[in-house]
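Labels below follow one simple rule: chain letters A, B, ... track the order of the sequence lines, proteins then strands, and each chain is numbered from 1.
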Amino acid sequence: MTSTSHDPVQLLRDRFISAMRAALGPDCPPDPDPLIGPARNPKFGDYQSNAAMPLGKALGRPPREIAQQIVDHLDLAGIALPPDDSTIAGPGFINIRLAPDAYAGLLDALDTPDLGVEKPAAPETIVVDLCGVNLAKQMHVGHLRATVIGDALARIFERLGHRVIRQNHVGDWGLPIAMVTAHVADLARRGTIDLDKLTLDDLDTAYRAAQRDCSPDRRGLEAVRRYDLGPKAEAELEEQVAGAEEALERAKQTLIRLQSHDGATVAMWQRIADVTMSACHAICRRLHANVPPESAAGESTYRDELAGVVDDLVNRGLAVESDGALVIDLKDAGIAEPLLIRKSDGGFLYATTDLAGIRRRVQKLGADRCVYAVDARQGLHFKQAFAGAIKAGYARKPDGSDARLEHAAFGTVLGEDNKPFKTRSGENVKLSDLLDEAVVRAGEQIKEKNPDLPADEQRKVAEAVGISAIKYADLSSDRVRDYVFSFDRMLMFEGDTGPYLLYALVRIRSIFRNAAEQFGVTESDIDARRPGFALDAPEERALALALLQYPGVLESTAEALEPHRLCTYLRTLAEEFSRFFQQCPVLKAPDEATRGARLRLCRLTGKVLGDGLTTLGLIPVERM
RNA sequence: GCGCGCGUAGCUCAAUUGGAUAGAGCACCUGACUACGGAUCAGGAGGUUGGGGGUUCGACUCCCUCCGCGCGUACCA
């Protein structure tokens, strides 16, 4: 497999594979992996191969001997310095230092419109489950993660040239939704609310009221009777229980009417859906998360498929009865807990819907890969649903293989007290309030640090910085871990934060504003003339090495479904740029050639940084 | 009970998936042509990677065991 890549890792990989084949002959594995990566420590070189040690183990020979053999057959012409005494080190590391004149060529090759990211040979269709709002409920921090992480993953796939289909699996069906529908209908009938001016706040309140009204306090009633707390308390609770049972019954009737497409009931439900979804889409737009209306694929859209799914599973003997319910046994997949697909009362469960969801994604949407950005607490559920879907053949692709089904699980957002992020009274924090506060705080800092910014730009910048800060805080640590939500930390303008990354880009923009003023040179001039890279200073070479890693980082981020890798990379890139910027004068460079070379380096850094930030879903600005 | 996840510097987090002397940021200390945006940079200090055992050339990473925290464990989604 030859590569036309300009990514040094790929180039070195090809050279190493040839060398390994030549050096080891029949001992060489059929698909040798040279294990090339950026050098762990710059003092050893720029890149390293770790292939000799595992080979030594496999062949039962000293790894250094194997390393020597590989090096003897290694042709590094045009890429790296020829091997010397320090090439093989330690137990058998092979260290590579790029040839000084290779840097410029590699960077020049990277400086294409797609920044070295090659179109995939076979683009995949990847369905990303994200956002997952519920009808009649405010979005909160949980939705923040599902939206921000899901959108970032989707953007990364898109950036790599895959076909991405976003699915907002809206919780818009079932008894809880029927409860709130019935409740809102009641309120409307009594004239307590105005349907024309219905807000999500109204619905959120109604949702909780409906939940309460439909939960009979039987334990309370028992307790009152057991401890004989008096006829008054007993009567109150009896009334509560009776009322709740009645409300629950009405909700069930409402659900039946919904299922049978009763006009007035459906209209009420639709009104609730419209209000919820327009609020959801407004928040997503504000978050710069691409969750368009057409990505909505609520549970309701599966309602007519569920009976078919269950019949199918029963007919094929995959689902069996157990205690009156229907289950799929998954012991052969190593899962003790069976997957419930129908309740003993005949109702379907969310697993049923998710099976139908997988079937639709793979069979109808053509998914090669289904990614679910969903809370880690759903781990067992997805393990079961995936195993069940595979067992049922719902994940089978036309070529006979199974689509990849992956749960991009994320941890809980915690408050400063290390407990799940809630208000003091134990309520979920509204996502919109959270965004507001981040923006206000960002605005205060911007006003202080850059008072000359016109007021309207200040507002725009504060919005971008505040939102980016929240998103970066959510994306920058390992997905599955819980993290503590702290405005103070995420909005620091230094350190590992969104604002710091935005700032690095702002400095580059500023250089070009000055370059235009002082020398009449613009970014598009640099793009057109493409002045040669110089890369004499160590800071320039370090920055160049960082830039060259970009395509590889995007790949590994997509493979692992871990946006924090891209975050870490961008922060390192920003740091390398700051070092370069500190050490190497650009506009005050000693001569015109150096100035041009450094402007070109700034330009390319700006492109990669800007591209990376956008790919994560952050919002770059010109000034801040 | 069983299962899953987590435990790394005072704090918040990384570690190319088994590689070299475990790295960053905050906070702390010392410096930087009086600043191409200092919202920066250079340096210092800070560690028995929860404990113990094992696997091997090599372990934060894999296996066993114990401790602590969180979550999940069939008719809610």
Give the rounded distance in Å between these two atoms: [atom1] of [X] and [atom2] of [N].
X	N	atom1	atom2	value
A:Leu491	B:G25	CG	P	19 Å
A:Tyr503	B:U40	OH	C1'	6 Å
A:Leu414	B:C11	CG	P	16 Å
A:Leu573	B:U16	CG	P	20 Å
A:Asp478	B:G5	CG	C1'	11 Å
A:Lys419	B:C71	NZ	P	11 Å
A:Leu340	B:C76	CG	P	9 Å
A:Glu576	B:G23	CD	P	16 Å

Side chain of A:Glu575 only, please: which of B:A14, B:G25, B:A20 is the nearest?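 Closest nucleotide among those given: B:G25.
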Of the listed B:G25, B:G19, B:C36, the closest approach to the A:Met53 side chain comes from B:G19
Phosphate oxygens OP1/OP2 of [N]: is one of them under 4.0 Å from a side-chain N or O of [X]?
X	N	answer
A:His564	B:A15	yes
A:Arg481	B:A14	yes
A:Asn514	B:G37	yes
A:Arg579	B:A42	yes
A:Arg40	B:A20	yes

- Query: Hey, do the aromatic rings of A:Tyr350 and A:His381 have their centres closer than 6.0 Å?
  - Reply: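 Here the rings of A:His381 and A:Tyr350 have centres that are less than 6.0 Å from each other.
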Please report whether the ring centroid of A:Tyr372 lies less than 6.0 Å from that of A:Phe382.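 A:Phe382 vs A:Tyr372: aromatic centres under 6.0 Å.
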Does [X] lie flat on the base of [N], that is, centres under 5.5 Å apart and planes under 30° off?
X	N	value
A:Tyr483	B:U12	no
A:Tyr500	B:A39	no
A:Phe44	B:A20	yes

Do the side chain of [X] and the base of [N] come within less than 3.5 angstrom through a donor-acceptor pair of N or O atoms?
X	N	result
A:Ser322	B:A74	yes
A:Lys57	B:G58	yes
A:Tyr350	B:A77	yes
A:Asn41	B:A22	no

* Asked: Hey, is A:Lys383 close enough to A:Glu337 for a salt bridge, meaning N to O under 4.0 Å?
  ->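 Not counted as a salt bridge, because no side-chain N and carboxylate O are separated by less than 4.0 Å.
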Base, sugar-phosphate alone, or nothing: which one does A:Lys588 contact when heavy atoms must sit under 4.0 Å apart?
->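 Since only primed, P, OP1 and OP2 atoms lie under 4.0 Å of A:Lys588, the category is sugar-phosphate.
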Fill in: Spacing of the P atoms in B:C76 and B:G7 (rounded, Å)
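To the nearest whole Å, 35 Å.
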